[in-house]
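Notes to accompany the following structure.
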Amino acid sequence: MSMAVVGMIAGMALGFAGYFGGFGAFLLVAALGAVGFVAGRFLEGDLEVGDFFRGRNRGEGRR
């Protein structure tokens, strides 16, 4: 399934949630979608747990 189709389905789900459930349902569906996205990336092996806790390394020493 292409990313455009996935985006369209996600947009439709958010639209239905916003229309029938109000703004609170819209936010709930958006938050759960984001959690599902991160979990899916983790299960596919694209993310590791350490990616969330590791600081950015910019090559600068702390002063």
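Just so you know, these numbers come straight off a predicted model, no measurement behind them.
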| request: Report the residues that fulfil side-chain contact (heavy atoms from CB on, under 4.5 Å) with V35, sequence neighbours left out, ordered by chain and then residue number. | output: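 Scan of V35 (side-chain contact (heavy atoms from CB on, under 4.5 Å), adjacent residues dropped) gives none.
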| Partners meeting side-chain contact (heavy atoms from CB on, under 4.5 Å) with L27 (sequence neighbours left out) |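 For L27 the side-chain contact (heavy atoms from CB on, under 4.5 Å) partners, ignoring immediate neighbours, are F23.
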| message | Can you list, by chain and residue number, the hydrophobic cluster partners of L28 when the side-chain cut-off is 4.5 Å? | response |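 When side chains under 4.5 Å apart are linked, the cluster holding L28 also contains L32.
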| field | Closest approach of A17 to A25 (non-hydrogen atoms, all atoms of both residues) | value |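 Scanning both residues, the minimum pair turns out to be O-CB, 3.6 Å.
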